[in-house]
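Just below is one structure, and these are the notes that go with it.
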Amino acid sequence: MTIADHNGKTNVHWRDKLTPEQYHVTREHGTERAFSHPLNLEKRAGTYYCVCCGAALFTSHAKFDSGSGWPSFFEPISDEAVKEVDDRSHFMRRTEILCANCDAHLGHVVPAGPAPTGLRYCTNGLALDFKPEE
C-alpha cells in the first residue's frame with residue numbers, strides 16, 4: 001500500500017523529484033553535516049524556498065550567522081510558512097520545523113537567536129532552494 005502526504009504526494013513522487021540526500025533530510029527527517037552546505041555561507045539578498053514544493057519559507061533579511069554550521073534565521077517569511085511540532089527523537093525534546101505546505105523536515109527551532117525574536121530556526125541547506133533578488 002502506498003501512503004500519500006496531505007497533498008497527495010507519495011514517497012515515489014518525492015524519490016523521483018529529490019536527490020537521495022534531499023530525500024533523506026526532508027522526507028526521512030535527516031540532518032546534513034554541519035558546515036557542509038553552501039547556503040550556510042550565502043550572503044546575497046533573496047528568498048529561501050522549500051526544495052520539495054517551492055513554498056517561500058525565509059528571507060535573507062532574517063538570516064544570521066549562528067556559528068552552528070547550518071543556515072539560521074530569526075523568523076520565517078510568514079506565520080503560515082513553517083509549522084512546529086514536538087520532536088522527542090534521540091532521547092531529547094526539541095521543536096521540529098516543517099514546511100507548512102508539504103510537511104518537509106527543515107530542521108529545528110531553538111531559543112538561541114538574535115533580537116527581535118530570540119529564536120534560531122536552524123535549517124538544513126538541503127531542504128532549501130535559494131533565489132537571489134534581481
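Of the options T123, L128, D129, a side chain to side chain contact (heavy atoms under 4.5 Å, CB included) to L57 is made by L128 and by none of the others.
Side-chain N or O atoms of W70 include one that pairs as donor or acceptor with a backbone N or O of E32 at under 3.5 Å. In terms of modelled atom types and a separation under 3.5 Å, the side chain of S72 and the main chain of D65 share no donor-acceptor contact.
To the nearest 0.5 Å, atom OG1 of residue T59 and atom CD of residue E133 are 8.5 Å apart. One finds the CZ atom of R15 at 11.5 Å from the OG1 atom of T19 (value rounded to the nearest 0.5 Å). Residue L18 holds its CG atom at 13.0 Å from NE2 of H24, rounded to the nearest 0.5 Å. The distance from atom SG of C102 to atom CZ of R27, rounded to the nearest 0.5 Å, is 5.0 Å. In this structure, F130 CZ and Y48 OH are separated by 4.5 Å, a value rounded to the nearest 0.5 Å. Note that CD of E42 and NE2 of H37 are 10.5 Å apart. Values are rounded to the nearest 0.5 Å.
Other residues, nucleotides and ligands place more than 12 heavy atoms under 6.0 Å from the CG atom of D16.
Here D103 pairs with K83 in a salt bridge; the nearest charged N to carboxylate O distance falls below 4.0 Å.
Under a cutoff of 6.0 Å and an axis angle of 45°, K63 and F58 do not form a cation-pi pair.
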